[in-house]
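Comments concern the structure below.
First the proteins, then the strands, lettered A, B, ... as listed; each starts at 1.
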Number of protein chains: 4
Amino acid sequence: MAADTTIAKPAQPRLRADALRNRERIVAAAREAIVEHGAGSPLDEIARRAGVGNATIYRHFTDRRELIHHVALSVMSRAADQAESALAEEPDGFSALERFVHAAADERIGALCLLLSDGIDKEHPDLIATRDRLSADVEALMGAARAGGQLRTDIGVGDLMVALNQLTRPLPGSACVNFDTFVHRHLQLFLDGLRAPARSELPGESVTLQDLQQRP
Amino acid sequence: MAADTTIAKPAQPRLRADALRNRERIVAAAREAIVEHGAGSPLDEIARRAGVGNATIYRHFTDRRELIHHVALSVMSRAADQAESALAEEPDGFSALERFVHAAADERIGALCLLLSDGIDKEHPDLIATRDRLSADVEALMGAARAGGQLRTDIGVGDLMVALNQLTRPLPGSACVNFDTFVHRHLQLFLDGLRAPARSELPGESVTLQDLQQRP
Amino acid sequence: MAADTTIAKPAQPRLRADALRNRERIVAAAREAIVEHGAGSPLDEIARRAGVGNATIYRHFTDRRELIHHVALSVMSRAADQAESALAEEPDGFSALERFVHAAADERIGALCLLLSDGIDKEHPDLIATRDRLSADVEALMGAARAGGQLRTDIGVGDLMVALNQLTRPLPGSACVNFDTFVHRHLQLFLDGLRAPARSELPGESVTLQDLQQRP
Amino acid sequence: MAADTTIAKPAQPRLRADALRNRERIVAAAREAIVEHGAGSPLDEIARRAGVGNATIYRHFTDRRELIHHVALSVMSRAADQAESALAEEPDGFSALERFVHAAADERIGALCLLLSDGIDKEHPDLIATRDRLSADVEALMGAARAGGQLRTDIGVGDLMVALNQLTRPLPGSACVNFDTFVHRHLQLFLDGLRAPARSELPGESVTLQDLQQRP
DNA sequence: GATGAATGAGTCTTCATTCAT
DNA sequence: TATGAATGAAGACTCATTCAT
């Protein structure tokens, strides 16, 4: 179901077992650090969390940009996995959507905002491919719920994904107690607002993930 | 209606007119810079926006922490003003709440997350006073809506304020086109989720602004 | 006679006296350091020599490239000054050429090789202008000597300038005793080889300074 | 004719054929890399050129200093070979000198400046022996030319070797087009300056290779 | 014996803060 | 008082060298 996003260049001969383990630990540590302290987390801090020397990060990723790139790939890929599982396993359309939203939060999809970060190559094929996979998966989820008459019809994938991203972003500073469970309250409230029938008329137009990455 | 929050120490003799103007321009510039480029905006950048030399910032604020402190005060104070206006002028409870939410977004209440930032003295009396004023104002708004049977009863001030803060936080990088109007869609969807009758059961417990600032 | 090369952008309002002094000390220190330890001299070392903090270098030059750029300008400009003085004051064509060659060595023209360094913008207008001034001055010197029948006719400005640069480049490591006076022997031998009549036929073609900066 | 300079310690049992091949490839790669990108070439780059892993360098040379040491030995040894061939095969004294100078340039004798580099043990017996062999060979060449009345009498081995070294040093950055053939022009001009009768009086005193390595 | 991977020390660069005009 | 300039501490990145396979 899920493509393995940790292999950057299939051309590379082969990674030693311990090196591969390190690579994954670095991406995981980076995801946590970024989610906690923002995209500007010191690489030394990330290295410390991953239990490696700082220079090891540079053996795997040429620079900060590339590390962030891979974190974004990882987060989106895992979220897409969740979307696909939910769609396949939940009988009810809106339930699948709800399951996805809460699961994506647990997968730290708040790091999705990295997509918009200045320090990233938005044209990169891998990024576009993964973004489009996630986008299509969420579209499918929303389509199913809409088809069941459970989802209001005036919203698009971008509406959901941006709000999801924002609501799950970590608060700055060391997070407050139980923030994680707190987040699920907001997500649920937002989901309630998505249900049909619509309780209001929305301003503006809905947006896609692709639109969001356009430069002004 | 609104207390002037730009005067730090009433004991101070009095600021010259131009100095006061500078002070306010610095706070305004900082609010914009923080909202656009994140809490890590260089002070030189803020000074440039304010049209003053960098050292002038230090004449008004002892250090970065204090500047951020005053930006937080300013944002909360202006949001409280909006809450009070809405409550006074809108006949309908839920309408007042909606008006406040959208107005607060325009007041850059996304900078509210500074409240939780590490680099700030959360015990400062001014901060507590302003936070409590805002909190009370929002509580009044919610109370009115709840009294009219328009607002679900399982949510608290903290739920609203945190979600409001999160949904209006600037996206990293130079913001995408029309993000401002886009935000109002999310806010409206969230507001629709707040309406009575509740469409779901929420996990966890509601929280107050005061709770949020507690250390774990 | 000599243009002041230390003013980068005439648009800049004005530099404070002490800042201007620092700027010049930095360029001078960089010239010495580069001539002694190569173009890779640590900026901290340059700062130490100039008697300023390391960050001060960055106030004057955005990065290492720009500093090197200005050192190259300074060296070429001073060499051009020497060429112009020699041409104006020496009655004899070849004597003027000799005076220029030895004077350029004392001006550390060995740093001229910076022109070809990777870390420099070879298209920069200031650089091109100064290079062309120097080139024209040397051409004039050579033309006068050639007109007097004292200079062989099969050589060009590039021949002289590259050999001059090479022969005056500092030896790596801390220079040996009296290397400076030693260099003047090699220059004199080379000058003797330049005299008419030519004692050999040269391979290849003569080159201009402009040619040297072309990319392959 | 030429001693094999690639064997560091004759006491060593014996190198396997492939190990010996690797050793020689490393030295050759280092010579090329140093000549192209300067003495600071990364060891990883040298390993890549040699087609070996980086750690293999350390199996053959304890550290960077020792590698450079062997490169210097190799360059001097090959230059000495050229000097001996020229002396043996050319009937005319000055012609032999000319042949040697141009041949030495092609052997990258520009790397000779490594001799003076800080990162090298100037007291090492092998280095002294090879230097003295080269020095004696060049002295023989100059002696023959001087005996034929073709070489001016006010210059020594150090004059020739240093100028030869300097004129053939690679320019920094990626070299310009045809720099190799360009160098031979400068060498020829310099050689023309060496011919008797002397066209000028030289400043200072002539120097030997031994003198050059003395510490101040 | 050879290799890919890991590391710590060193360099460049930025920025909050202080100083001198 | 307000300002441009200076600074030290901190973060990104490179590279010689060591380690584990």
Side-chain angles (χ1 to χ4, degrees), chain A residues 12-23 40-47 50-65 67 119, chain B residues 15-16 18-19 22 40-47 51-65 67 119, chain C residues 12-23 26 40-47 50-65 67 119, chain D residues 15-20 22-23 40-47 51-65 67 119:
Chain A
Q12 294 293 335
R14 182 76 61 166
L15 221 46
R16 253 168 42 184
D18 58 341
L20 183 58
R21 198 175 330 115
N22 270 346
R23 186 185 177 88
S41 302
L43 293 195
D44 284 9
E45 162 71 9
I46 293 173
V52 301
N54 60 356
T56 299
I57 293 181
Y58 292 93
R59 171 163 302 276
H60 291 282
F61 307 98
T62 55
D63 60 4
R64 183 188 188 82
R65 288 173 64 93
L67 174 56
Chain B
L15 278 174
R16 262 169 35 186
D18 59 342
N22 270 349
S41 301
L43 291 194
D44 281 12
E45 163 71 9
I46 292 172
V52 302
N54 57 359
T56 301
I57 293 180
Y58 290 90
R59 177 157 305 278
H60 290 283
F61 307 98
T62 59
D63 60 6
R64 184 188 182 82
R65 288 173 65 94
L67 173 58
Chain C
Q12 294 293 337
R14 181 77 61 167
L15 220 46
R16 252 166 46 182
D18 57 342
L20 183 58
R21 198 177 329 116
N22 271 346
R23 186 186 176 87
I26 290 169
S41 302
L43 292 195
D44 284 11
E45 161 72 9
I46 293 172
V52 302
N54 59 356
T56 300
I57 293 180
Y58 292 93
R59 172 164 300 278
H60 291 282
F61 307 99
T62 56
D63 59 6
R64 182 187 190 82
R65 288 173 66 93
L67 173 57
Chain D
L15 278 174
R16 262 171 33 186
D18 59 340
L20 183 59
N22 270 350
R23 187 185 176 87
S41 301
L43 291 195
D44 281 11
E45 162 72 7
I46 292 172
V52 303
N54 57 358
T56 300
I57 293 180
Y58 289 92
R59 178 158 304 278
H60 290 284
F61 307 99
T62 58
D63 62 3
R64 184 188 183 82
R65 288 173 64 95
L67 173 58

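Between the OG1 atom of C/Thr56 and the CZ atom of C/Arg23 there is a distance of 13.0 Å, given to the nearest 0.5 Å. Distance check, rounded to the nearest 0.5 Å: CD1 of C/Ile57 to CG of C/Asp44 gives 7.5 Å.
Distance, D/Ile57 CD1 to F/dT18 P: 13 Å, rounded to whole Å. Distance CZ (B/Phe61) to C1' (E/dT18): 18 Å, rounded to an integer number of Å. Rounded to whole Å, the distance from CG on A/Asp44 to P on F/dC13 is 11 Å. One can place NE2 of C/His60 at 16 Å from P of E/dT13, the figure rounded to the nearest angstrom. Regarding C/Arg64, its CZ atom lies at a distance of 13 Å from the C1' atom of F/dT14, rounded to whole Å. Computed from coordinates, the C/Leu67 CG to E/dT13 C1' distance equals 13 Å when rounded to whole Å. Per the geometry, CD1 belonging to B/Ile46 stands 12 Å off C1' belonging to E/dC15, to the nearest Å. Taking atom CZ of residue A/Arg23 and atom P of nucleotide E/dA6, one finds them 11 Å apart after rounding to whole Å.
Among the atoms of the strands shown, base atoms are found under 4.0 Å from some heavy atom of B/Asn54. Contact annotation for C/Asn22: backbone-only contact, meaning every heavy-atom pair under 4.0 Å involves sugar-phosphate atoms and none involves a base.
For D/Asp63, whose side chain is taken as the heavy atoms from C-beta onward, the closest listed nucleotide among F/dA6, F/dA16, F/dT17 is F/dT17. With F/dT1, E/dT17, E/dC12 as the candidates, the nucleotide lying closest to the side chain of C/Pro42 is E/dC12.
Comparing C/Ala55 and A/Leu43 along DNA chain F, the residue whose closest nucleotide (by nearest heavy atom) sits nearer the 5' end is C/Ala55. With the nearest nucleotide of DNA chain E identified for both A/Gly51 and C/Glu45, A/Gly51 has the one nearer the 5' end. For the pair B/Thr56 and D/Tyr58, nearest-nucleotide mapping onto DNA chain F gives the more 5' position to B/Thr56. Residue-to-nucleotide proximity on DNA chain E shows that, of D/Val52 and B/Arg59, the 5′-proximal contact is made by D/Val52.
Pair assignment for E/dC15: F/dG8, on the basis of Watson-Crick or G-U wobble contacts that are both within less than 3.5 Å. Within the shown strands, E/dT21 is the pairing partner of F/dA2 under the Watson-Crick or G-U definition, both distances less than 3.5 Å.
Nearest heavy atom pair, residue D/Leu43 against residue D/Tyr58, reads CD1-OH, 3.2 Å. The two residues C/Ile46 and C/Ile26 make their nearest non-hydrogen contact at CG2-O, 4.1 Å.
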